[in-house]
Amino acid sequence: MKIKIKRLVAMYLDYVFIFTACYFPFYYLDQILFNIKILRYIITIIVLVLIMYLFPHKDCLIGYESLGKKIMGLGIYQNGERVQDKKVLVKRFMETVYLFPLYPLTVLVLGKSYGDIDLNTEVKEIKNKKSRSKK
């Protein structure tokens, strides 16, 4: 159950980071340029494009896991190996997003998202491989 909760927290952190990174810089820019309506439309389009790019690529931005997964110490594995193919990571997200409202339920009940099921991936804790020798 611990890994399932970590996955949900990681997902929440990812969405908070992405919306914050996209929204606040453009919000303040919009406040500065509030009288120029055409710039408001351009800023809105830029924010939407950024969000539409960042969400599917969130697992590709920092190594091969999202910021939330990195904070929670999680990694994405396929056939026992860490996934290092960006196409697989993006496809995994796109498969999951189709049924996104069910994501918390599928993670809590099945332990996997629909993207995990379709692409035979799983999210596991990353173990630190520090050798500690006693001298």
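Residue numbers count from 1 along this sequence. None of the values given here were measured: they were computed from a predicted structure.
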*Under the side-chain contact (heavy atoms from CB on, under 4.5 Å) criterion, do Tyr103 and Leu8 qualify, and how do the steps go?*
CA-CA 9 Å; Tyr103 179 81; Leu8 294 176; 3.9 Å; yes
Rounded to the nearest 0.5 Å, what separation is found between the [atom1] atom of [X] and the [atom2] atom of [Y]?
{"X": "Ile76", "Y": "Lys69", "atom1": "CD1", "atom2": "NZ", "value": "4.5 Å"}
{"X": "Ile126", "Y": "Lys70", "atom1": "CD1", "atom2": "NZ", "value": "6.5 Å"}
{"X": "Phe55", "Y": "Cys22", "atom1": "CZ", "atom2": "SG", "value": "7.5 Å"}
{"X": "Phe26", "Y": "Leu48", "atom1": "CZ", "atom2": "CG", "value": "10.5 Å"}
{"X": "Met94", "Y": "Thr96", "atom1": "CE", "atom2": "OG1", "value": "10.0 Å"}
{"X": "Arg92", "Y": "Asp116", "atom1": "CZ", "atom2": "CG", "value": "4.5 Å"}

_Would the distance check show the side chain of Arg7 and the main-chain N or O of Gly111 forming a donor-acceptor pair, the cut-off being under 3.5 Å?_
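Here the side-chain-to-backbone pair exists.
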*Taking all non-hydrogen atoms of both residues, which atom of Gly68 and which atom of Leu13 are closest, and how far apart?*
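Closest heavy-atom pair between Gly68 and Leu13: CA-CB, 4.0 Å.
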*Which atom names give the shortest non-hydrogen contact between Gly80 and Tyr77, and what distance separates them?*
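Result for this residue pair: O-CD2, 4.0 Å.
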*Determine, step by step, whether Leu108 and Ile5 satisfy the side-chain contact (heavy atoms from CB on, under 4.5 Å) criterion, reporting the C-alpha distance in whole Å, the side-chain angles of both residues, the deciding distance to 0.1 Å, and the verdict.*
CA-CA 8 Å; Leu108 290 174; Ile5 300 300; 4.2 Å; yes
Side-chain heavy atoms nearer than 4.5 Å, only ILVMFWY residues, links allowed to pass through others: does that put [X] and [Y] together?
{"X": "Leu67", "Y": "Leu74", "value": "yes"}
{"X": "Ile46", "Y": "Ile51", "value": "yes"}
{"X": "Val9", "Y": "Tyr12", "value": "no"}
{"X": "Val107", "Y": "Tyr114", "value": "no"}
{"X": "Val97", "Y": "Ile18", "value": "yes"}

*Heavy atoms, side chains only, cut-off 4.5 Å: are Ile71 and Phe17 in contact?*
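The answer is yes, as the side chains (C-beta and beyond) meet within the 4.5 Å cut-off.
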*Using the ring of each side chain (for Trp, its six-membered ring), is Phe24 parallel, tilted or perpendicular to Tyr27, with breaks at 30° and 60°?*
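Perpendicular, since the angle between the ring planes exceeds 60°.
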*With Lys2 via side-chain contact (heavy atoms from CB on, under 4.5 Å) - residues at least two apart*: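 Lys2 satisfies side-chain contact (heavy atoms from CB on, under 4.5 Å) with Lys6, Glu125 only.
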*Quick check, are the ring centers of Phe100 and Tyr15 under 6.0 angstrom apart?*
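Yes: the rings meet the under 6.0 Å criterion.
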_Please tell me whether Tyr23 and Phe19 form a close aromatic pair, meaning their ring centres lie under 6.0 Å apart._
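Judged by ring-centre distance (under 6.0 Å), Tyr23 and Phe19 do not meet the cut-off.
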*Should we count NZ of Lys91 as having more than 12 external heavy atoms under 6.0 Å?*
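Open.
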*Verdict with supporting geometry, Leu61 and Leu54, side-chain contact (heavy atoms from CB on, under 4.5 Å)*: CA-CA 8 Å; Leu61 297 175; Leu54 287 177; 3.7 Å; yes
Please tabulate, for side-chain N and O atoms in residues 81-89, each donor-acceptor pair with protein atoms closer than 3.5 Å (sequence neighbours left out).
from	atom 1	to	atom 2	distance (Å)
Arg82	NH2	Glu65	OE1	2.2
Asp85	OD1	Lys87	N	3.2

*Take Thr106 and Leu99 through the test side-chain contact (heavy atoms from CB on, under 4.5 Å) and record every step on the way to the result.*
CA-CA 10 Å; Thr106 58; Leu99 298 169; over 6 Å; no
*Contacts of type side chain to side chain donor-acceptor pair (under 3.5 Å), residue Ser66, not counting sequence neighbours*: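 For Ser66, the residues satisfying side chain to side chain donor-acceptor pair (under 3.5 Å) (neighbours in sequence not counted) are Asp14.
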